[in-house]
Amino acid sequence: MSERPTNPYANLPETAFWKSAVAACNPLEISGLWRPKFPVPRRHKVITAGSCFAQHFSRALVARGHNWLDAEPAPKLLSEDQARDYNYGIFSFRTGNIYTARMLRQWLGYAFGEAEAPEEIWKNEGRVMDPLRPAIEPGGFASEAELLASRDAVLAAIRNAITQADIFVFTMGLTESWRNRETGLEYALCPGTVGGQFDKDQHVFVNQGFSTIRRDMRACLEILRAANPGLRVLLTVSPVPLTATATDKHVLTATSYSKSVLRAVAGELADDHDDVDYFPSYEIITHPAYRGMFYAPNQRSVVPQGVNHVMESFFACQHAAFPRLARQAAKSGAKRQGGSASSRAVKCEEEFLDAFG
Amino acid sequence: MPLDRTFQFCVYGDSHIACIKNAVDEDRVDLTGVDLEFWGAAGPRFRDLHFVDGRITPTSPEAERYLEVINFEGRKELSPTDFEAYLFMGCRLRASEFLVPILRGHSDATAFVSSAVRATMLHRWLEGCRSYRVAREFAKKRPVLFAPAGFLNDRLIKEDEVQATINTGATLEQRAELWREVEAAMAQDGVTLLAQPEETVTRGALTHIDYAAKSEAVDGDTVHKNGAYGALILNAAISRAKAARITA
């Protein structure tokens, strides 16, 4: 007959106790922060969107040979820098940053026909900007027709990405946003900052609360499931503080509120839905246990070592939960594509020698 | 220059000059009054031809051997003033790389690119081609015509690749719009574009099999063109180069 534990904490693992899991550890050796619900094998198509921190995910996945899906790839003629200037290859589609749950809901609604895309556009010195993504093209578009064609492209890319993907990584960024008072359209950025003109009668500030964000995220999940029932969603929260707050609060406390709400929503969604998980990149960067070591001197930007540690933790937790992934990662090296260039050269020479030989 | 003298004309290029040579060998071009020479190299050896001190020079023994085969006059280097006009043929400037993805945007929404992106692509397509930069230098002293390598050959390219990359419904007007952009960009550098002749184009952005170097599917040469194609290019090139001489 086995002994009964004296209390519910008696048989818990070390990770349940601060002393053993945190206080006794070098911060870089804190482990087991995440028990993933589902594996992320290399063959699975992963798409990424959200706040700027999401782009680190795509880079890390590509670097490790994962199948990151770029549904709106840059034309091959563009250099890497040029592609980035035009916001290609940063997320799986050219939405630019999607900071809020409402913005994600808007994009998904437009892409899957649940809402009409807005007619509002911003004009400035002969150029036009998309209020949904004013920074997507440096200087804006040449015409309204071009803007709309480009928007059609991104909506098609969203549909392709969502319907083809296995895993959608979405990084939640902000609670603060600006909307059109009349239409309710939420802007990617405050009008008058990157584009458009601010009008206090037309534009209204909104600091979204827990229930609003949860409702928007649930609506997003419904759209995603309808489009792709097999899609799994991995939520993260951006650890990057607010650049500025439009509340009357200090930006530090406003940041704390914003991130806390997003973290709570992400946690609840992960608890409530089997196909939704939360990865704690936010905690790895922001928690006092890490002593701020992953922030640049401005206490806002995340240094590359921080991003690297986040992603190392991601894969370590994946491998711990799904050992076959660790074996696969150890086995597989970078596959080289060979043969095509040399065979083309042979054909060139054959053709040439036929004519001149 | 007096018009009664033979017209000194040079075709410079990579393996794509083979179609020009075939056109000549097949008597498809009237070369009366034209003194024609070929200069260049094929395959990786084309990269060994460098523009140094105002002339193109082979930088490897292999490239020199190619030149011995292609240039019957034993011309070791090529200077802008060696001929009255030049045709740059192929020369690693591929129509498929610029036109095809943009034409694709007319049929595939996700392939749409803005005019700013298109302009950036065009600039990089030209500036990224070493031979184009050489052509620009030559054009400062002599008329230069540039014929980019034509679209890939229909029926030799795999159909699934066609479906994935080619807008088979691209129209003449859509192609013409892009060629006009290329022409204008080249004109700023003093270079004259020779666009792919429309009669050789099929299914939006492919070259008709009748103009493929080897039409047997087993050969799988999706790139090179035949003498009929070469004749269209060379006739146009000589005609326009002579016109440039007359008006010069």
Side-chain angles (χ1 to χ4, degrees), chain A residues 70-83 85-88 92-94 111 127-130 136-143 145-161 164 340-357, chain B residues 13-25 38 40-47 62 66 68-72 90 97-98 100-102 104-106 108-126 128 213-214 219-227 230:
Chain A
D70 185 355
E72 198 177 0
K76 288 177 183 170
L77 271 177
L78 296 189
S79 68
E80 198 171 323
D81 286 344
Q82 288 168 336
D85 287 345
Y86 286 93
N87 287 285
Y88 284 102
S92 288
F93 23 78
R94 286 177 76 217
R127 306 287 290 181
V128 294
M129 288 181 169
D130 189 343
I136 205 72
E137 294 251 337
F141 293 96
S143 65
E146 187 175 283
L147 180 154
L148 294 176
S150 183
R151 191 188 280 169
D152 284 346
V154 70
L155 294 178
I158 291 171
R159 285 191 294 275
N160 290 344
Q164 293 176 32
S340 60
S342 59
S343 62
R344 181 181 295 169
V346 169
K347 285 188 191 306
C348 288
E349 291 172 10
E350 279 177 356
E351 188 58 28
F352 189 90
L353 293 171
D354 278 351
F356 290 95
Chain B
D14 53 13
S15 55
H16 287 279
I17 63 176
C19 72
I20 304 290
K21 179 66 163 57
N22 287 330
V24 173
D25 291 346
F38 294 90
R45 300 286 75 81
F46 185 73
R47 287 194 290 272
E62 293 84 357
Y66 261 113
E68 288 169 8
V69 173
I70 187 175
N71 187 278
F72 306 133
E97 291 178 355
F98 174 64
V100 165
I102 295 173
R104 178 79 178 175
H106 290 288
D108 173 2
T110 59
F112 173 83
V113 296
S114 68
S115 53
V117 171
R118 195 156 97 180
T120 305
M121 290 169 67
L122 175 55
H123 182 263
R124 193 154 187 266
W125 183 53
L126 297 176
K214 290 173 182 167
D219 283 316
D221 186 345
T222 58
V223 174
H224 296 100
K225 315 302 182 218
N226 62 14

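Sequence lines set the chain letters: A, B, ... in the order given, protein chains first and strands last, and positions in each chain run from 1.
Inter-residue side-chain proximity for A/V154 and B/F112 is flagged as unmet; no heavy-atom pair is nearer than 4.5 Å. Side-chain contact between B/T120 and A/Y86: present, with at least one pair of heavy atoms (C-beta onward) separated by less than 4.5 Å. The shortest side-chain heavy-atom distance between A/L78 and B/M121 falls under the 4.5 Å cut-off. The closest side-chain heavy-atom distance from A/S79 to B/R124 is below 4.5 Å. Residues B/F98 and A/L77 form a side-chain contact, since some pair of their non-hydrogen atoms from C-beta on lies under 4.5 Å apart.
When all heavy atoms are compared, the tightest approach of B/D25 to A/A355 is OD2-O, 3.9 Å. The minimum heavy-atom distance between A/E137 and B/A116, with the atom names listed, is OE1-CB, 3.9 Å. The two atoms that bring B/A109 and A/A153 nearest to each other are O-CB, 2.9 Å, heavy atoms only.
Among A/S143, A/P73, A/G139, A/A149, the residue making the largest number of heavy-atom pairs under 4.5 Å with chain B is A/A149. Note: B/S114 leads B/S114, B/A111, B/P101, B/G105 in heavy-atom pairs under 4.5 Å with chain A.
Neither the backbone nor the side chain of A/A74 comes within contact range of chain B, judged by heavy atoms closer than 4.5 Å. For A/F93, no part lies near chain B; criterion is any non-hydrogen pair under 4.5 Å. Heavy atoms closer than 4.5 Å to chain B are found in the side chain of A/N160, but not in its backbone. With a threshold of 4.5 angstrom between heavy atoms, B/F38 approaches chain A through side-chain atoms but not through N, CA, C or O.
B/T110 and A/E72 share no donor-acceptor pair across their side chains, judged by distance under 3.5 Å alone.
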